[in-house]
Amino acid sequence: MIHAKIKDVDLKFETESSLFSPNSIDNGTLAMLSVIDFLPGDKVLDLGCGYGVAGILAGKLIGEESVVMCDISERAVEYAAKNAALNGVSHIIIRLSDGYQNIEENDFTLILCNPPYHADFAVPKRFIEGGFRKLAMSGKLVMVTKRLDWYKNKLISVFGGVKVREIHGYYVFVAEKRSRGIKKKRKPAQRLSKKLRRKQK
């Protein structure tokens with residue numbers, strides 16, 4: 001059993017060895033949570049929730065009805081549900097989902113994610129591109145990794161900008177949805193030469 005106090009909230013979590021960071025709360029997750037202000041009216045998605053740290057904290061702070069958690073691992077979903085009940089927020093919606101596959105909502109104000117950054121970039125690519133579509137306008141995707149350049153460049157290409165903070169060796173990225181999509185710049189129209197304009201008359 002892990003006992004922790006995050007943002008002045010006492011929490012406890014049951015884990016097992018097959019889950020990510022089973023003996024203590026991952027420092028990357030703690031770094032990510034340290035930059036977030038959970039506000040009344042927020043709707044939060046804990047993407048790849050593991051045993052439920054971020055989503056359960058959000059549920060305690062803004063209400064369990066405002067939080068969705070998901071993970072690709074059946075075991076993680078099982079423990080997230082167990083820990084939600086253990087912390088008195090058993091009505092959080094928890095789904096088995098490969099990324100956004102089983103997430104119908106597209107009005108989240110916050111999507112929180114600690115992706116598997118030691119693997120290739122296929123998973124975070126889907127998380128970032130899908131996150132843009134799942135956020136409400138002015139909603140934020142918050143990610144934490146130990147890599148900088150690829151994530152920074154990808155988030156800028158999708159969101160148009162990103163804020164980055166380095167905390168204890170982790171990079172926390174906050175990207176805000178400020179448009180319906182990144183518009184590709186139009187190529188300037190080529191002007192016809194006087195000779196060609198005369199020919200077209």
Side-chain angles (χ1 to χ4, degrees), residues 1-38 42 44-64 66-103 110-128 131 140-148 150-151 164-174:
M1 181 82 72
I2 296 171
H3 292 267
K5 189 168 191 167
I6 309 173
K7 294 187 181 294
D8 291 324
V9 178
D10 290 312
L11 300 165
K12 50 191 174 181
F13 301 97
E14 285 189 21
T15 72
E16 65 163 41
S17 59
S18 69
L19 300 173
F20 173 64
S21 195
N23 301 316
S24 62
I25 296 174
D26 169 62
N27 286 328
T29 298
L30 292 174
M32 176 178 70
L33 292 171
S34 74
V35 309
I36 298 168
D37 292 317
F38 294 101
D42 273 337
V44 176
L45 173 63
D46 183 359
L47 178 65
C49 64
Y51 51 82
V53 176
I56 288 169
L57 174 65
K60 297 287 284 184
L61 290 170
I62 61 170
E64 53 201 310
S66 301
V67 180
V68 178
M69 304 197 302
C70 71
D71 203 286
I72 193 172
S73 160
E74 288 186 18
R75 206 75 175 136
V77 166
E78 179 187 327
Y79 271 83
K82 190 183 292 189
N83 287 323
L86 196 61
N87 288 280
V89 285
S90 58
H91 291 101
I92 287 175
I93 296 167
I94 305 170
R95 298 187 187 134
L96 184 67
S97 182
D98 180 0
Y100 301 101
Q101 190 174 47
N102 294 324
I103 306 298
L110 280 172
I111 297 176
L112 314 179
C113 182
N114 184 351
Y117 47 80
H118 52 273
D120 64 33
F121 294 115
V123 173
K125 181 176 183 288
R126 283 193 297 125
F127 284 4
I128 292 168
K140 294 174 182 175
L141 174 64
V142 186
M143 302 186 92
V144 61
T145 81
K146 278 199 165 182
R147 296 182 178 185
L148 176 62
W150 184 89
Y151 285 88
V164 187
R165 285 183 61 183
E166 186 177 0
I167 302 172
H168 304 309
Y170 290 87
Y171 296 102
V172 181
F173 303 87
V174 181

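Residues Leu86 and Glu14 form a side-chain contact, since some pair of their non-hydrogen atoms from C-beta on lies under 4.5 Å apart. At a threshold of 4.5 Å between non-hydrogen side-chain atoms, the residues Pro115 and Tyr151 count as touching. For the pair Ile167 and Ser34, the minimum side-chain heavy-atom distance is below 4.5 Å. Side-chain contact check for Phe13 versus Leu19: every heavy-atom pair is 4.5 Å or farther apart. Asp98 has its side chain within reach of Arg126: a pair of non-hydrogen atoms, C-beta onward, lies under 4.5 Å apart.
Summarising the geometry, atom CG belonging to Leu110 is positioned 11.0 Å from atom OG belonging to Ser66; distances are rounded to the nearest 0.5 Å. Atom NZ of Lys60 sits about 13.0 Å away from atom CG of Asp8, to the nearest 0.5 Å. Taking CZ of Phe173 as the reference point, atom CG of Leu148 lies at 5.0 Å (rounded to 0.5 Å). Taken to the nearest 0.5 Å, the CD1 atom of Ile111 stands 13.5 Å off from the NZ atom of Lys140. The NZ atom of Lys146 sits 10.5 Å away from atom OH of Tyr171, with the distance rounded to the nearest 0.5 Å. Of the inter-residue distances, the one linking Tyr79 atom OH with Ser73 atom OG reads 10.5 Å to the nearest 0.5 angstrom.
Contact between Asp26 and Asn114 at its shortest, heavy atoms only, is OD2-ND2, 2.7 Å. Across Ser90 and Glu64, no two heavy atoms sit closer than the pair N-OE1, 3.1 Å. A pairwise comparison of heavy atoms in Arg147 and Thr145 identifies O-OG1, 2.6 Å as the closest pair.
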Side chain to side chain contact (heavy atoms under 4.5 Å, CB included) between Tyr170 and Leu30, intermediate numbers included: CA-CA 10 Å; Tyr170 290 87; Leu30 292 174; over 6 Å; no
CA sep, side-chain torsions, deciding dist, call: Phe38, Leu33, side chain to side chain contact (heavy atoms under 4.5 Å, CB included): CA-CA 9 Å; Phe38 294 101; Leu33 292 171; 4.1 Å; yes
Side chain to side chain contact (heavy atoms under 4.5 Å, CB included) between Ile25 and Ile6, intermediate numbers included: CA-CA 10 Å; Ile25 296 174; Ile6 309 173; 4.0 Å; yes
Asn102 vs Cys70, side chain to side chain contact (heavy atoms under 4.5 Å, CB included): CA-CA, chis, key distance, verdict: CA-CA 9 Å; Asn102 294 324; Cys70 71; over 6 Å; no
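Residues satisfying the side chain to side chain contact (heavy atoms under 4.5 Å, CB included) criterion with His3, sequence neighbours excluded, are Met1, Lys12. Residues passing the side chain to side chain donor-acceptor pair (under 3.5 Å) test with Asn87: none are found, sequence neighbours excluded.
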Can you list, pair by pair, the side-chain donor-acceptor contacts under 3.5 Å of residues 45-59, counting residues two or more places apart and other chains?
from	atom 1	to	atom 2	distance (Å)
Asp46	OD2	Gly55	N	2.8
Tyr51	OH	Ser21	O	2.8

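Between the Asp71 side chain and the Val77 main chain, no donor and acceptor come within less than 3.5 Å of each other. Side chain of Lys7 to backbone of Ile36: a donor-acceptor contact under 3.5 angstrom is found.
Within a 6.0 Å radius of CD in Glu74, no more than 12 heavy atoms belonging to other residues, nucleotides or ligands are found.
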